[in-house]
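Working notes, beginning with the structure itself.
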Amino acid sequence: MEQRHLGRTGLRVTRLGLGTLNWARDTDEQEAADQLKAFWEAGGSLVDTADIYADGGAEHLLGRLTEELVPREDLVIATKAGSVLEADCRVDGSRRHLLAALDASLERLNTDYVDLWQLHAFDPHTPLEETLQALDLAVTSGRARYVGLANFSGWQLARAGTWQLAAPGVRHRLASAQMEYSLLQRGIEREVLPAALDLGIGLLPSSPLGRGVLTGKYRHGTPADSRGASEHLAAFVAPYLDETASRVVEAVTTAADGLAVTPLQVALSWVRDRPGVTAPILGARTAQQLRAALSVETLSLPDEIRQALDDVSAPVHHYPDHDWSTL
């Protein structure tokens with residue numbers, strides 16, 4: 001599998017990543033093992049998880065599998081901290097919480113370090129300088145090799161990235177920004193993506209298949225075994241089942257028919273090759289779904305199809321999102 005540098009750093013990762021959001025919840029240990037083995041055998045390296053996935057269960061599972069199935073040194077392990085599962089507090093970016101969360105993640109992952117440690121969300125109640133200091137401490141202590149962010153808005157990413165660059169050798173540059181990005185969700189193109197490109201921060205798109213909708217599986221209803229029919233994920237899929245999304249899905253299906261490939265391959269190839277993207281994160285539920293996604297490695301979309309998909313899914317830009325003279 002082709003590799004790319006993560007942002008403006010020396011870290012190289014495969015241009016597709018394996019996500020573990022479903023592990024230890026909808027994906028059991030045997031299925032997770034099959035996924036990891038298939039990903040590794042395909043040449044994949046980047047595996048993304050978080051401390052809140054299955055309340056730590058995903059990290060536990062990944063830790064066991066790297067001990068028994070796939071060599072730790074063959075993987076680039078990324079995890080996240082900052083989100084908390086409490087009714088009165090959804091994000092905790094304090095230095096106290098973050099460093100304790102990192103130690104707990106390392107124990108669950110059965111490793112001395114993570115290759116990439118990311119803030120899961122922005123905490124408006126903690127000074128950003130304190131939050132970012134936790135990232136620096138993680139690197140200087142050897143517990144994390146690189147650091148990044150997730151789910152930050154444009155101004156938040158720009159402020160954090162600039163702060164880190166203001167003291168070279170003392171603070172550590174941000175390597176990544178993990179954000180939802182697909183043909184059905186192009187909102188980051190307004191502010192986040194321009195900031196990331198300017199600051200040399202690599203983008204790791206989550207939900208690159210529009211929460212599964214871009215596979216075309218929902219064109220004629222909701223399959224009983226899909227996330228859309230799941231009690232705890234139906235609301236996650238629902239926003240992408242409207243008429244606007246349907247037009248995009250039909251365009252993807254038409255392109256797939258013309259290229260004799262699947263809608264999944266078209267949608268994933270589109271986001272993988274967007275400017276600023278390092279590696280989409282594949283959140284497959286089964287090894288079969290993962291193998292279907294990995295088959296996109298050999299596909300590059302023709303320019304005319306890429307442009308047609310750009311046009312049908314284009315987000316609406318208003319002042320001052322982009323150059324005012326073009327609006």
Side-chain angles (χ1 to χ4, degrees), residues 1-7 11-22 27 31-48 69-71 74-78 176 178-186 193 202-217 219 248-313:
M1 193 183 298
E2 184 179 321
Q3 294 195 337
R4 294 170 172 170
H5 284 279
L6 184 57
L11 180 61
R12 288 167 58 84
V13 300
T14 47
R15 64 178 182 168
L16 292 175
L18 173 62
T20 63
L21 174 64
N22 297 309
T27 300
E31 194 68 55
D34 290 344
Q35 284 189 23
L36 185 61
K37 186 175 181 181
F39 183 67
W40 176 61
E41 289 177 343
S45 66
L46 176 62
V47 182
D48 177 76
L69 185 66
V70 174
D74 286 359
L75 300 178
V76 176
I77 294 179
S176 65
Q178 187 170 148
M179 306 290 298
E180 184 170 353
Y181 189 30
S182 73
L183 279 162
L184 296 182
Q185 178 52 271
R186 296 177 60 182
L193 186 54
L203 190 68
L204 301 175
S206 59
S207 297
L209 296 174
R211 307 182 183 183
V213 174
L214 286 165
T215 64
K217 70 172 67 176
R219 292 174 68 206
V248 176
V249 173
E250 290 306 314
V252 169
T253 302
T254 299
D257 290 342
L259 294 171
V261 297
T262 65
L264 178 154
Q265 290 173 309
V266 170
L268 187 55
S269 180
W270 180 88
V271 71
R272 181 199 65 197
D273 295 332
R274 294 295 287 175
V277 168
T278 300
I281 304 299
L282 304 172
R285 189 165 41 84
T286 68
Q288 182 180 7
Q289 291 175 343
L290 177 63
R291 290 187 182 95
L294 293 175
S295 67
V296 78
E297 180 66 18
T298 59
L299 177 65
S300 293
L301 297 179
D303 290 342
E304 58 271 21
I305 289 181
R306 189 184 310 282
Q307 186 60 56
L309 294 174
D310 287 355
D311 292 344
V312 75
S313 64

Taking side-chain hydrogen bond (donor to acceptor under 3.5 Å, both in side chains) as the test, write out the residues that go with S313, two or more places apart.
-> R186
All salt bridge (Lys or Arg N to Asp or Glu O under 4.0 Å) counterparts of R12, not counting sequence neighbours | none
So CE of M1 and CG of L294: to nearest 0.5 Å the spacing works out to 5.0 Å
Taking the side chain as every heavy atom from C-beta outward, state whether V47 and V70 have any pair of such atoms under 4.5 Å apart.
-> no
Can you name the residues that form a side-chain contact (heavy atoms from CB on, under 4.5 Å) with R4, not counting sequence neighbours?
-> E2, R15, R272, D273, V277, T278
Give every donor-acceptor pair under 3.5 Å between a side-chain atom in residues 36-46 and any protein atom, sequence neighbours left out.
{"from": "W40", "atom 1": "NE1", "to": "D74", "atom 2": "OD2", "distance (Å)": "2.9"}
{"from": "S45", "atom 1": "OG", "to": "T14", "atom 2": "N", "distance (Å)": "3.3"}
{"from": "S45", "atom 1": "OG", "to": "T14", "atom 2": "OG1", "distance (Å)": "3.4"}

Quick one: do V213 and V248 satisfy side-chain contact (heavy atoms from CB on, under 4.5 Å)? Show the steps, please.
-> CA-CA 10 Å; V213 174; V248 176; over 6 Å; no
Those residues that, when tested against E250, pass side-chain hydrogen bond (donor to acceptor under 3.5 Å, both in side chains) (two or more places apart) | R219
For P280 and L268, the nearest pair of non-hydrogen atoms, with its separation, is CB-CD1, 4.0 Å
Test side-chain hydrogen bond (donor to acceptor under 3.5 Å, both in side chains) applied to Q178 - qualifying residues, sequence neighbours left out = D48, Q118
Only pairs at least two apart or in different chains count here, so list each ring pair (Phe, Tyr, Trp, His ring centres under 6.0 Å) that has a residue in residues 255-282.
-> Y181-W270
Among all residues two or more places apart in sequence or in another chain, which pass the side-chain contact (heavy atoms from CB on, under 4.5 Å) test with S295?
-> Q265
Spacing of CG belonging to L6 relative to CG belonging to L203, to within rounding of 0.5 Å | 10.0 Å
Could I get the full list of side-chain contact (heavy atoms from CB on, under 4.5 Å) partners for S182, not counting sequence neighbours?
-> L184, Q185, L214
Residues in side-chain hydrogen bond (donor to acceptor under 3.5 Å, both in side chains) with D34, at least two apart?
-> Q30
Does any non-hydrogen side-chain atom of V249 lie less than 4.5 Å from one of P263?
-> no
Under 3.5 Å: donor-acceptor pair, side chain of S176, backbone of G202 | no
Kindly give the heavy-atom pair with the smallest separation between A293 and L16, and that separation in Å.
-> O-CD1, 4.2 Å
Counterpart residues, side-chain contact (heavy atoms from CB on, under 4.5 Å), relative to L21 (two or more places apart) = R25, Y53
If you round to the nearest 0.5 Å, how far is CG of L209 from CG of L264?
-> 4.5 Å
What distance separates S269 OG from R274 CZ, expressed to the nearest 0.5 Å?
-> 11.5 Å
Could you tabulate the donor-acceptor pairs under 3.5 Å formed by side-chain atoms of residues 299-307, not counting sequence neighbours?
{"from": "R306", "atom 1": "NH2", "to": "L301", "atom 2": "O", "distance (Å)": "3.2"}
{"from": "Q307", "atom 1": "NE2", "to": "D311", "atom 2": "OD1", "distance (Å)": "2.9"}

Closest non-hydrogen atoms of L183 and L309, given as atom of the first, atom of the second and distance, are CD2-O, 3.8 Å
